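In what follows, a single structure is set out as structure tokens and then discussed.
Lettering follows sequence order; numbering is per chain, from 1. These numbers come from a predicted model, not from an experiment.
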Protein chains: 2
Amino acid sequence: MAELEKYITNYFGITEQNALKGISSLFKYTKINKGTFLQKQGNHCNTMGFVLSGYQRFFALMDGKEVTQWIAHQGEFTVDLTGFITGSPSRWSIQALTDSELYIIQKSDYDRLDQLVPRWFEFEKLFMVRCFTTMEDRIFSHLSMTAEERYHFFFKHNKELFNRVPLQYIASMLGMSAETFSRIRKKQLG
Amino acid sequence: MAELEKYITNYFGITEQNALKGISSLFKYTKINKGTFLQKQGNHCNTMGFVLSGYQRFFALMDGKEVTQWIAHQGEFTVDLTGFITGSPSRWSIQALTDSELYIIQKSDYDRLDQLVPRWFEFEKLFMVRCFTTMEDRIFSHLSMTAEERYHFFFKHNKELFNRVPLQYIASMLGMSAETFSRIRKKQLG
DNA sequence: GCTTCTTCTTGATATAGATCAAGAAATCAT
DNA sequence: ATGATTTCTTGATCTATATCAAGAAGAAGC
């Protein structure tokens with residue numbers, strides 16, 4: 001659990017020992033196999049997962065095609081944040097791309113955190129802002145960068161991912177076809 | 001002020017009369033002329049504006065070109081949310097595209113809202129989630145839609161904007177050149 | 001290890017959208 | 001109103017990226 005607490009400190013800015021113990025006690029360690037769905041599009045969002053290891057893909061169907069919105073990895077949360085917080089149906093399916101280890105919290109437990117942790121909503125708010133900032137950056141990358149620039153920028157910050165998951169999903173997440181991705185990669189490799 | 005309170009209810013889900021009075025008392029009515037900067041990129045974010053009328057463009061310089069990230073209108077907030085909440089330098093410049101009326105709150109007053117409004121952080125959190133969802137939708141539109149589809153989708157929901165501000169900014173915000181925008185528009189008009 | 005299935009690459013071709021350039025239309029200032 | 005400035009349109013051309021198709025490489029199952 002030490003790892004979870006460390007991450008909660010990093011993510012939510014919470015340092016009080018009691019609060020950390022309280023929060024982490026509500027998360028359950030879970031192993032899942034490659035291919036397992038943590039969430040199906042359109043369903044209720046009942047759980048939030050914190051990634052210890054492995055990769056999970058967020059995607060939605062659009063005109064019969066799967067569009068990958070995000071690939072979560074260690075230290076991130078697997079959840080359709082919108083659905084989880086507001087109760088709306090999940091906009092994404094979430095599927096493990098590799099065997100994965102997660103800490104999972106149930107929605108009903110999550111909703112009690114404010115009773116357990118002083119200033120919980122304040123921390124949560126800061127977490128949301130961070131998520132918002134990430135999204136804002138991604139939009140800007142689509143307004144101002146070419147596919148090749150997006151590739152390089154993403155590669156610089158996520159090198160390990162390129163060896164671990166099918167590249168077609170990274171391509172989709174960056175808004176380009178698998179073939180374009182492959183050609184940019186070839187150039188890059190030499 | 002009634003209008004502001006109505007919007008605060010819609011945006012933040014706050015309905016208690018005392019809370020609404022308290023919040024709206026911290027906002028100051030302000031008129032600004034077309035061209036005025038509410039925020040300059042790189043500066044501190046000291047104010048948050050609530051739009052009563054007019055249009056304000058968020059943009060950043062990228063390789064010497066201005067990229068429009070968003071155009072705010074009535075009922076929205078003009079602020080670099082990230083900078084305003086976290087204290088980081090503003091990522092955007094914000095400039096009035098038309099004469100505008102705003103309610104403006106100072107950061108120092110905003111930071112006292114939690115003492116004034118019970119459950120303020122909780123409301124604020126929900127506000128952040130809504131902003132996050134909007135961004136997530138926009139990203140998905142770039143991953144799954146053509147320029148023409150983005151045009152039509154945006155037009156459907158923002159018809160009035162097309163008569164009020166230079167179209168080149170809408171084009172930039174949708175991630176296409178002004179010429180492409182013009183051609184799509186021509187097709188659409190007949 | 002061989003087979004099967006999935007993923008990746010590569011070439012050929014098509015196309016959406018960018019860029020450049022010039023003129024038309026609209027808006028603004030005096 | 002008139003001229004100046006900004007914005008929009010249009011055509012010509014170019015280029016980034018998509019699509020299609022087929023084979024190569026890699027991973028997984030037996």
Open item on the list: Under 4.0 Å between a side-chain nitrogen and a carboxylate oxygen: does that hold for A:R57 and A:E66?
Closed with: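 Counted as a salt bridge, because a side-chain N and a carboxylate O are separated by less than 4.0 Å.
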Task: Under-4.0 Å salt bridge between B:K125 and A:E122 - done: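 The answer is no: the pair does not qualify as a salt bridge.
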TODO: Using the closest heavy atom to pick a nucleotide of DNA chain D for each, name whichever of A:A147 or A:E179 lands nearer the 5' end.
DONE: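 Result: A:A147.
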Open item on the list: What contact category does A:R185 fall into here, base, sugar-phosphate, or nothing, at under 4.0 angstrom with non-hydrogen atoms?
Closed with: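 Contact class for A:R185: sugar-phosphate only.
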Task: Atom pair distance, as rounded to whole Å: CD in A:E148 and P in C:dA18 - done: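 Whole-Å distance recorded here is 17 Å.
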Task: Interatomic distance, A:I170 CD1 vs C:dT7 P [rounded to whole Å] - done: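 Rounding to the nearest Å, CD1 of A:I170 and P of C:dT7 are 13 Å apart.
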Task: Contact boundaries on DNA chain D for chain B, cut-off under 4.0 Å to non-hydrogen atoms - done: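 Answer, 5' to 3': D:dT7 to D:dA12.
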Open item on the list: If you assign each of B:R183 and B:K34 to its closest nucleotide in DNA chain C, which residue comes earlier from the 5' end?
Closed with: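 Going by which nucleotide is closer to the 5' end, it is B:R183.
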Open item on the list: Would you compute the distance between atom CD of A:Q106 and atom OH of A:Y110 and round it to the nearest 0.5 angstrom?
Closed with: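 Answer for the CD-OH pair, A:Q106 versus A:Y110, is 14.0 Å.
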- [ ] Say whether A:V67 and A:F37 are linked into one hydrophobic cluster, either directly or through other cluster members, by side-chain heavy-atom distances under 4.5 angstrom.
- [x]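 They do not share one cluster, since no chain of ILVMFWY contacts under 4.5 Å joins A:V67 to A:F37.
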Open item on the list: Is any side-chain heavy atom of A:K107 closer than 4.5 Å to one of A:T47?
Closed with: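 Heavy-atom side-chain distance check fails, nothing below 4.5 Å.
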TODO: Return yes if a side-chain donor-acceptor contact under 3.5 Å exists between B:S100 and B:Q56, otherwise no.
DONE: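 Looking only at side-chain atoms, B:Q56 and B:S100 do form a donor-acceptor pair, the distance falling under 3.5 Å.
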